[in-house]
Amino acid sequence: MPEAKRVSADVAADEMVRLAQERGDRLAHDRYQAMRPQCGFGQLGLCCHNCNMGPCRIDPFGQGTREGICGASADVIAARNLARRAAVGSAAHSDHGRSIAMTLLETARGQAQGYSIKGPAKLLALAKEWGIATDKRSLEEIAEEVALAALEDFGRQDGGLRFVSRAPAKVQARWESHGVMPRGVDRDIVGVLHSTNMGGSNEPYHLLRSCVRAGLVDGWGGSMVATELSDILFGEPAPLVSEANLGVLKEDHVNILVHGHEPVLSDALVAASQTDEVMAACEAVGAKGIQLAGICCTANEILMRHGVPIAGNLLHQEFALVTGAVDMMVVDIQCIFPSLRAVAGKYHTKIVSTSPKAHFEGFTHIEFDERRALDSARTLLLTGIQNFANRDPGKVHIPTDKSPLIAGFTTEGVFDHLGGRYRPSYRPLNNAIIDGRIRGVVGIVGCNTVKITQDEAHLTLAKELLRHDVLIVQTGCSAIACGKAGLLTPEAVELYAGAGLQEVCDAVGLPPCLHLGACVDNTRILTACIEICREGGLGDDFAELPVAGAAPEWMSDKAIAIGFYVVGSGIFTVVGDSLPIMGSPRVADYLTGGMEEDFGARFAFERDPLKAAALIVEHLNAKREALHLSPMIYEPRPAETLGKRWRAGGVALAAV
Amino acid sequence: MKQILVVKAERCLGCKSCEIACAIEHSKSQELVAALGESPAPQSRVRVLQGETFAVPLQCRQCEDAACVASCPTQALRRDHEGPVVLERSRCIGCMWCIEACPFGVITMDRNSGAVVKCDQCYERVAEGKMPACVTACPTSAIACRDLEAVVAEKRHAYLVQIERAVREEAS
C-alpha cells in the first residue's frame, strides 16, 4: 500500500489519529484507504442508474460502450447526475430553511417554548423589504406574517422568490434570459428532479441550466431564508471571542457536543444549560460544570450567537470521540457519520439523534420538539450529565490544542466595523479595493474530505491569498479550519496579510479572515456583494466585482448547490476536486468556460491550493483591470515571511 | 496455445467489476443475487489495487516454473501442458506454503472453505470458447486474454516502430 499522506494539518487531529491507531479504532481515513481504488465511472460521472434497464456505464476511453441503453450520451449522463446532486444539496439547505421558518412561525404564535424574537432590527428590516406592515403591530404579529411569507416561497408556483429582487438587475436579467429565474423552492427542486427521470431531459446544456436553477433556489431561497430568519429568531450575530479545537473539552466537566446544522435544538440547549438544576445535576455526578461545544455548522450557529466554543470540523466528529471525554454527542441533520456508533461503542459516549429527518441505526433517538424546546433540551442535558459517571478515566485523553478566534460577522455588522459605529458604510471597503490596498474579497468555504490532508487546502489557500492582500470571508468547515489555525484573529494580520490588507485590518481592528457563519450563511456573501455593488465604484453586477469563491475540500452535495448559486450569480469559483463530470469533456468545458458567457462566471477545478490561489489572484487582477482600478499599492508579501511577524513598514513598494 | 492475461493499468478505472464477476464465476449459482447467499461465500481471485496514481487488477500470472506448484506438499496445485495453474480443492489442506512462495501475493486463503483460492484463468469457460469472466466484465477492456505468441508479436512490432522512428529522426 502506498505511504498514506498526513491525515490532518491539525496537530490535535494528528494526536487523535495516533491514539486511534494504538487503540484500533477505525476512523474515516482508514475506511477511505480500504475503499481505494474508488470506482472511476462514479468519479467521472459516467455511471447512470436512473432506470432499471441500467446501471449503464460509458467507457471514457471510447473503446467500449459510448451510450446508455436508452441512448443517453456521456454528456447527458454526467450532466444529469450532477443536476440530481445539485437538487439534493439545494433540498438539504432549503429544508433547513423551512425548519427555521416553521419555528419562527410557532414562536410568533406563542407555540414554541423558550424562543423569542431576538433580532427585532432584522425583523423590521425584512418586513419593510417585503412590504409587511409594522406600524402599531407587535413583533410577534410581524414575525408571523414574515414567517408565512417566507414559507409561501417554498410552495410558490410562479411570480418568483421574494429574495430574487435583491440581486443586481444585470444578474436577474441573465437568469431571465437563460430561463433559470427561481420560481419556488419546492417547485424548482421537484422540477429539476423530474427532468432527471428516465427519458426526461436529455440535452446536456438544459441539464446544466437545471443545475443552476437548483442552486439558485438554494442561495436566493432556502439558504437565504435560513440565514435571515435565524437572525430574527436567534439574534443577529455580533463579533465575539471564543475558541476552537479539541482542547476546549474539559476533563472535569460534563462535555456535551452538538453536531449537525440546524440551530433550532442547539440554541435551546445553550439556554437550558445555564440553569441551577443543570449545575446541581453536574455537581451530583462530581463534575464541575457543563462544557458545551460544537462540530460542523451547528457549532458555527451557536458560536456566532452565544460564543459556544468549537470542538472541530467534519472529520473531528470522530476525533472528538477518541478523546474518551465526550459524555454525549447530540446530532441533528447533515454531515453526520453513521460510523459514530462504532467509534462511540468503544467509549462511554452516548450519541443521540434528535431530528425527525435523520435517524441512525444504533444511536439513541430522542426526538426534539420545538413546541417543548426547553423541556426537550433539559432531558437531553440530564441524559448527558448522567453519562459522565460512565466515563473511563483511563481512556480520557484531551489534546491541549485550541486557538482563540473572533466570529460573528454579518453583512450588516461589517458596516459597523468598516465604517465605524457612527458612519456605518461599505465605503471604506470599496475604497480600499478601489485604491489598491485590498485586491479583492474571496469566500473560502466548504467541507473537509478524506481525499486530502484535512484543513491543509483551506489553510494554504487562505494564507496565499492573504499574502496577496485578499480579504477573506468564511463559513462552514473552512471557517473552523482557519479558526483552529488562528487565522480568525487580529494577530493573523501580522503573520499572513500583505501590507495593504494589514493597513485596512489594523485601522478597523478586523481579523484578515472573517467568520460569517454556517454553510447556509454563504448567502451573507451574496448580500455583502449586493452592498458592495450598491456602494458604487466597483460595478453594478457581481460578475464585475473583484471577488471569487473557493471550496478547496468540498465533498457534500450541498457544496454542489452552493457552487451553482455562487457561479450562477456571477462569481468565479475554484473547487478542489473536480465536479464529478470529467467523463464528459463537453460538460467540463461548459462549466469551466462557456458558462461565463451565459452566467457571468465559471468554475475552475484545481486540487493544488497554491495553483488555486494563483488562478484567483489572476481573476481578481483581470476584474480590477476591467474596472480600471488603481494598481495595487504594495507588492505581494514575500511567501517566505508567512507565519512570521512581518510589517511592510508602511513603505509603498510600487508607485501608487 | 498458451494464453496470458494482459493488463493495461492506464485503462483501469478501479470499478472492481472484475472482482465481482470473478466471484460469481466461482460461485455455485453463477448468478449475482443468488451468489450473495451462498456459503461459503464466493471469493474473487482478482484484486484491484490502488497505486499512488493508478489502479490495477492483479491476478495469478500462471508462472511456467511456478513456485506455488513446487511448494505444494499435497500436489493440490498442478498445471497441465499449456493451461493455467489450477487447484484441486479436495487435496488442499490450507497449509499456505503456496501463499508464501508466490512472489505476487495473488494466492489468498479462504478461511470459510479452508483452502486457498487462486485465478484459474476460467479454464472451464475458455474451454467453451468464452473469455475469462474478468475480461468479459471489464468495461474499459483493461484486461484481455490473448495468445502468448500474438502478444509477443505485437510487442516486437511496437519496438520495431520505435526503432524505425529513431532511425528516421537520426537520418533527418
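Residue numbering restarts at 1 for every chain, and letters A, B, ... go by the order of the sequence lines. Keep in mind that what you see is a predicted model, and the values were worked out from it rather than measured.
- Heavy-atom contacts from other residues, nucleotides or ligands closer than 6.0 Å to CD of A:Glu361 number 12 or fewer.
- Residue-environment remark: NZ (B:Lys8) stays at or below the threshold of 12 foreign heavy atoms within 6.0 Å.
- The distance from atom CG of A:Leu44 to atom SG of B:Cys15, rounded to the nearest 0.5 Å, is 11.0 Å.
- In A:His49, the NE2 atom is not crowded: 12 or fewer heavy atoms of neighbouring residues, nucleotides or ligands sit closer than 6.0 Å.
- Between atom OH of residue A:Tyr32 and atom CD of residue B:Gln50 there is a gap of 6.5 Å, rounded to the nearest 0.5 Å.
- Heavy atoms from other residues, nucleotides or ligands lying under 6.0 Å from CD of B:Glu170 number 12 at most.
- Remark: the B:Thr140 side chain and the A:Arg57 side chain contain no N/O donor-acceptor pair separated by less than 3.5 Å.
- Considering CG of A:Leu46 and CG of B:Leu13, their distance stands at 8.5 Å, rounded to 0.5 Å.
- More than 12 heavy atoms of other residues, nucleotides or ligands shown are found within 6.0 angstrom of CZ on B:Arg89.
- Looking at heavy atoms from C-beta onward, B:Pro139 lies out of side-chain contact with A:Asp59 at the 4.5 angstrom threshold.
- Looking at B:Lys16, its side chain never comes within 3.5 Å of a backbone N or O of A:Gln38 through a donor-acceptor pair.
- Contacts of A:Phe41 with chain B are made by both backbone and side-chain atoms, with heavy-atom separations under 4.5 Å.
- Atom NZ of B:Lys28 sits in a crowded spot, with more than 12 heavy atoms from other residues, nucleotides or ligands closer than 6.0 Å.
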